[in-house]
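Everything on this sheet refers to the single structure shown next.
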Amino acid sequence: MGPININKLKNNYALILFLLSCLFFPFAIGSVHLFDWDEVNFAEIAREMIVNKNYLNVQINYQPFWEKPPLFFWLQALSMKIFGVNEFASRFPNVLVGIASILSFYLIGKKFISDKFGFIWGLTYIGSFLPHFYFKTGIIDPLFNLFIFISIYFFYLYQVAYKKKYLFIASILSGLAVLTKGPVAILIIILVVFFFVIYKWKTIKIKILDLIIAGLIICVITSFWFLAEIINGGGIALFKEFIAYQIRLFTTSEAGHGEPFYYHFIVLFFGCFPISLIVIPYILKKNFLDSKSILVKDFYTLNFILFWVVLILFSITTTKIVHYSSLCYFPLSFMAAYIIHQNIIDKKNLHKISFVLLTFVGVLLGIIFTAIPLIVKFKNYLIPFINDQFAVQNILLPVQWGGFEYLLGIIYLVILVVVLIKLKNNINYIINLFLINALVLNLLMLFIVPKIEQHTQGSMIEFFQKHNNSNEYVTTYGFRSYAKFYYTNKQKPQNINALDEDWLLNGAIDKPVYIVCKMYDKEKVLQLKNIHYLYEKGGFVFFKRK
């Protein structure tokens with residue numbers, strides 16, 4: 001297997017990136033149920049918009065939901081109107097975001113450096129695990145990240161050319177970022193701009209009046225949501241709750257996601273294979289560039305600042321969730337692409353540290369891909385070493401594996417080792433590595449991820465789908481789930497008491513209540529009045545309250 005000569009692809013770079021995005025990003029996105037919480041949470045909001053025919057108020061369980069603004073849910077609702085209420089429709093908006101992101105990388109890279117660089121940049125993102133995977137999900141962050149990154153890009157163009165139209169576009173995109181996930185967008189953008197202005201203090205010429213106008217534009221865009229909520233009865237109280245929630249995310253461990261400071265460093269190190277490992281030798285070096293272009297150096301510095309602002313900001317917050325640092329993927333991919341591009345031009349090999357880390361992490365991931373199916377195959381030998389009984393019951397759940405899935409990991413390991421051996425003396429083999437990663441990720445989505453989902457939440461989802469009945473209530477005990485709304489296709493109850501979890505568990509109910517708990521809480525549920533034990537499956541216990 002020889003290296004892919006990207007020079008022979010000249011004049012087709014954009015088309016190739018477009019076709020790869022269209023092939024990989026939508027592949028198998030409908031093959032697995034939505035995952036609790038975030039995916040199901042957001043899809044349920046969009047579904048309730050359609051059920052209520054109310055697209056202005058964000059609701060969950062037919063009650064006001066103040067944690068997120070509405071823009072992404074509008075896109076999901078539109079997708080559901082086209083494709084139906086299903087997993088594919090819930091995730092399809094991010095397929096479009098993925099295609100737009102990759103093409104944006106190409107166009108920006110072409111503008112600043114070359115079309116070859118733009119192609120490499122797009123390919124680094126397609127061929128890295130977490131960056132690629134998020135375009136297959138139904139979460140908010142890919143759209144949020146794109147708005148912020150392109151907003152910062154247009155700010156950069158503004159301070160280069162001092163044309164107000166660039167700042168106008170940056171302001172619109174910033175406002176859309178706020179409408180996607182909230183005011184944290186403005187915090188990130190302000191911090192990045194602040195540190196960049198300090199870096200360019202002697203030469204930058206930003207007009208204060210322009211910034212004031214930009215702020216007004218952002219306020220006008222975000223006010224559409226505020227006014228819509230007020231007109232439809234949300235009122236000021238909702239925004240107090242919204243701001244309080246944003247503060248809690250930074251100051252308290254929300255939803256049990258209190259991870260150590262270094263959490264996001266670990267996520268990026270392993271999850272962004274291989275771009276994270278290519279960048280590591282240079283991650284603290286702002287001025288390693290050989291480029292004579294001030295534009296290139298400054299844009300690299302801007303990406304450098306964005307990376308560290310996001311990583312440090314979400315490392316010092318108390319609530320840490322894996323996708324909080326996903327905005328780092330954009331500057332990380334740019335820096336990796338620049339390093340690769342320069343090495344190809346200079347005919348240099350990868351840094352020795354990068355090569356060692358690529359080998360270590362790549363082989364480790366290949367072993368993990370191989371081991372996951374084998375854990376189920378040899379579960380009887382492994383269970384005595386697992387202390388978590390809920391995890392044990394997950395593994396014991398009968399799921400139809402083909403028996404060949406572990407070969408995917410072995411094949412990946414073999415090809416990876418061959419490519420790495422070639423890569424050691426020929427930087428062009430890095431293109432092969434990105435394409436292999438993209439391919440194996442999609443095969444994992446097709447053959448392994450759906451089976452893992454069945455083990456972890458399959459029995460619960462199956463139960464919810466069976467109780468899609470307006471003459472029943474369904475709820476959970478001891479853990480939070482949005483799947484109980486989405487997968488039961490819950491309609492707005494006629495009895496307002498049914499929105500109260502305590503009433504469903506303890507009140508004088510007017511319909512049967514089906515209850516799901518994890519095995520740890522079985523005895524507690526049995527203490528409820530008029531409770532009837534049904535069965536246990538996959539670590540979940542199911543009851544009916546008459």
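The structure displayed is predicted, hence computed values, not measured ones.
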Under 3.5 Å, is there a donor-acceptor pair between the side chain of [X] and the main chain of [Y]?
X	Y	result
Ser325	Cys328	no
Ser79	Phe92	no
Glu48	Asn61	yes
Glu453	Val32	no
Trp401	Lys451	no
Gln457	Gln454	no
Ser90	Ala43	no
Ser21	Ile99	no
Asn94	Val97	no
Arg47	Lys490	yes

Take Asn54 and Asn57 through the test side chain to side chain donor-acceptor pair (under 3.5 Å) and record every step on the way to the result.
CA-CA 6 Å; Asn54 177 359; Asn57 295 101; 3.1 Å; yes
Atom pair [atom1] ([X]) and [atom2] ([Y]), whose distance is rounded to the nearest 0.5 Å:
X	Y	atom1	atom2	result
Ile148	Leu173	CD1	CG	10.5 Å
Leu441	Leu446	CG	CG	11.5 Å
Ile430	Thr124	CD1	OG1	10.0 Å
Met335	Ile280	CE	CD1	11.0 Å
Glu405	Ile410	CD	CD1	12.0 Å
Gln491	Asn469	CD	CG	11.5 Å

Near [X] [atom1], under 6.0 Å, is it more than 12 heavy atoms from other residues, nucleotides or ligands?
X	atom1	value
Phe18	CZ	no
Gln63	CD	yes
Lys379	NZ	yes

If we only count heavy atoms from C-beta on, is the [X] to [Y] side-chain gap below 4.5 Å?
X	Y	value
Tyr473	Lys484	no
Ser315	Tyr262	no
Val419	Ile436	yes
Phe25	Ile126	yes
Leu433	Pro274	yes
Ile189	Ser151	yes
Ile172	Phe154	no
Val40	Phe35	no

Check the angle between the aromatic planes of [X] and [Y] and answer parallel, tilted or perpendicular using the 30° and 60° thresholds.
X	Y	value
Phe369	Phe129	perpendicular
Phe463	His467	tilted
Phe149	Phe299	perpendicular
Trp121	Phe105	parallel
Phe330	Tyr125	perpendicular
Phe65	Tyr482	perpendicular
Phe540	Phe542	tilted

Assess whether side chain to side chain contact (heavy atoms under 4.5 Å, CB included) is satisfied between Ile283 and Phe307, documenting all intermediate values.
CA-CA 9 Å; Ile283 199 65; Phe307 175 83; 3.5 Å; yes
Might you point out which heavy atoms bring [X] and [Y] nearest each other, and give the distance in Å?
X	Y	answer
Ala14	Tyr106	CB-CE2, 3.6 Å
Phe73	Met49	CB-CE, 3.8 Å
Gly538	Asn394	O-ND2, 2.7 Å
Pro69	Leu179	CB-O, 2.9 Å
Ile448	Leu408	CD1-CD2, 4.2 Å
Glu87	Gly30	CB-CA, 4.3 Å

Is it true that Tyr156 and Phe112 have ring centroids separated by less than 6.0 Å?
yes
Would you confirm whether the ring centroid of Phe464 sits within less than 6.0 angstrom of the ring centroid of Tyr487?
no
I'd like to know whether Phe155 forms a side chain to side chain contact (heavy atoms under 4.5 Å, CB included) with Val193, so could you lay out the CA-CA distance, the side-chain angles of the two residues, the decisive distance to 0.1 Å, and finally the verdict.
CA-CA 8 Å; Phe155 165 79; Val193 170; 3.5 Å; yes
Salt bridge between Arg91 and Glu39, side-chain N to carboxylate O under 4.0 Å?
yes
So does Glu462 pair up with Lys537, basic N to acidic O under 4.0 Å?
yes
Quick one, Phe265 with Phe270, criterion ring pair (Phe, Tyr, Trp, His ring centres under 6.0 Å). Give me CA distance, side-chain angles, the key distance, then yes/no.
CA-CA 9 Å; Phe265 291 82; Phe270 290 101; over 10 Å; no
Quick one: do Phe117 and Lys110 satisfy side chain to side chain contact (heavy atoms under 4.5 Å, CB included)? Show the steps, please.
CA-CA 7 Å; Phe117 171 78; Lys110 180 180 179 181; over 6 Å; no
Criterion side chain to side chain donor-acceptor pair (under 3.5 Å) on Asn52 and Gln59, from CA distance to verdict
CA-CA 10 Å; Asn52 289 329; Gln59 294 186 351; 3.0 Å; yes
Set out, in order, the CA-CA distance, both residues' side-chain angles and the distance that settles side chain to side chain donor-acceptor pair (under 3.5 Å) for Asn437 and His132, then state yes or no.
CA-CA 9 Å; Asn437 282 348; His132 183 135; over 6 Å; no
Would Ile266 and Phe269 satisfy side chain to side chain contact (heavy atoms under 4.5 Å, CB included), going step by step from the backbone distance to the final call?
CA-CA 5 Å; Ile266 303 285; Phe269 182 85; 5.6 Å; no
Kindly confirm or rule out a cation-pi arrangement of Lys320 over Tyr263, judged by NZ or CZ under 6.0 Å from the six-membered ring centre and within 45° of its axis?
no
Do Gln465 and Thr488 have side-chain atoms, one donor and one acceptor, less than 3.5 Å apart?
no
